[in-house]
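Everything below concerns the one structure shown next.
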Number of protein chains: 2
Amino acid sequence: MKIGELARRTGLTASRIRFYESIGLLGEVGRRANGYRTYPSEAAVTLELINAAQKAGFSLDEIRTLLPGELGRWDHDALLGTLRRKVAEIEALEAKLAASRAGLLTVIGQIETRPEDIDCTANARRVLGSILGGLDET
Amino acid sequence: MKIGELARRTGLTASRIRFYESIGLLGEVGRRANGYRTYPSEAAVTLELINAAQKAGFSLDEIRTLLPGELGRWDHDALLGTLRRKVAEIEALEAKLAASRAGLLTVIGQIETRPEDIDCTANARRVLGSILGGLDET
DNA sequence: CTTGAGATTAAACTTAACTCAAAGGTTAAA
DNA sequence: TTTAACCTTTGAGTTAAGTTTAATCTCAAG
């Protein structure tokens, strides 16, 4: 199949597919006599795999080190290790996000519950204190 | 104070402070006769505020629209709206991360629980199916 | 007087993951 | 035959948030 059809099948742009090839994600790509790239249908699976891995948070660099030449022969242990490390990364990110969200909710609370009798400047100082003291303690 | 001292006080690099000025985050910056920048001690508070906002997930562009000229006069309603929107963004991101993590754990499970009697290729197909079918359903 | 630290500028470089444009070759259909 | 739809390559542009470099200036101390 030519690149256009592969693009249609996978939902990626042709330029993106060429880009993946250029950074070594696709290995050797066949050519027809006229110079056009030609792909086996397996290529669609590879591209969808790359896509899925990206959505799971892997960079193209990481994906390249994970993808075996032949779809179907992985280094099980290395793969498992990488997957577990990625889960840990995601968990760390989740913790940071939770902290950020909590900090923002605190600030929102400070702004919302401003005592009626306090003036703007004093309230700003109060809010500022909560931001600088509490939001960047990561 | 000169830029070097401000940098030392805030923990930012001088180049970063100049960069913030260049994109309009710091408003007017005073100059001495010799051309050196000169800052009031308030500037440290502004920089720490920027830093805290960044850590909470705001882009410099967003921060610029939030920062008032004078530290202490905010548009309360706009600020509250922005903060709430950012909390919603964070929650969306948290949901995506949770989905990613769950997907990865599924894949890890698939790899780990490979039946002893199945060969590598068949297992790869099985795992591949779970990845392509389950990981990119976001 | 010289040395070293610190200040100035503009412009280029960095990373990631692409996209876009230009200029041209190929092919199927009308 | 001509036109439209594909394909090719190379190289530059994009975004974000800075960093780095180079060339030059200022200033305080010894």
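Residue numbering restarts at 1 for every chain, and letters A, B, ... go by the order of the sequence lines.
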B:Ile17 CD1 to C:dT8 P, straight-line distance once rounded to whole Å
10 Å
Just to be sure I understand the rule, does A:Ile3 reach a base, reach only the sugar-phosphate, or reach nothing, if contact means heavy atoms closer than 4.0 Å?
sugar-phosphate
Whole-Å gap separating P (D:dC25) and CZ (B:Arg37):
17 Å
Please report the interatomic distance CZ(A:Arg64) to OH(A:Tyr20), rounded to the nearest 0.5 Å.
12.0 Å
So CZ of B:Arg84 and CG of A:Leu104: to nearest 0.5 Å the spacing works out to 12.0 Å
Scoring nucleotides 17-30 of chain C by protein non-hydrogen atoms under 4.0 Å (B base, S sugar-phosphate only, - none) yields BBS-----BBS---
Do the charged groups of A:Glu89 and A:Lys86 touch, with an N to O distance under 4.0 Å?
yes
Across the strands shown, which category fits B:Arg32 at heavy-atom distances under 4.0 angstrom: base, sugar-phosphate, nothing?
nothing
Could you state the atom-to-atom distance from CZ of A:Arg64 to C1' of C:dA16 in whole Å?
12 Å
Starting at atom CZ of A:Arg31, determine the distance to atom C1' of D:dT9, rounded to an integer number of angstrom.
9 Å
Side chain to side chain contact (heavy atoms under 4.5 Å, CB included), paired with B:Leu66, selected from B:Asp61, B:Thr82, B:Leu83
B:Thr82
For DNA chain C, find the residues of residues 4-11 of chain A with a heavy-atom distance under 4.0 Å and give them by number; none if there aren't any.
none
How long is the line joining CG of B:Leu12 and P of D:dG18, in whole Å?
9 Å
Atom CD1 of B:Ile23 and atom C1' of D:dG18 are separated, to the nearest Å, by 9 Å
Could you measure the distance from the CD1 atom of A:Ile90 to the NZ atom of B:Lys96? Nearest 0.5 Å is fine.
11.0 Å
First locate atom CD1 of A:Ile50, then atom CG of A:Leu25, and finally report the distance between them rounded to the nearest 0.5 Å.
4.0 Å
note: A:Met1, atom CE; D:dC6, atom C1'; distance rounded to Å ~ 16 Å
CG of B:Leu12 to CZ of B:Arg18: how many Å apart, nearest 0.5 Å?
12.5 Å
Just how far is it from atom CD of B:Gln110 to atom CG of B:Leu105, taken to the nearest 0.5 Å?
12.0 Å
Is there a path from A:Leu67 to A:Tyr39 through hydrophobic residues (I, L, V, M, F, W, Y) whose side chains come within less than 4.5 Å of each other?
yes
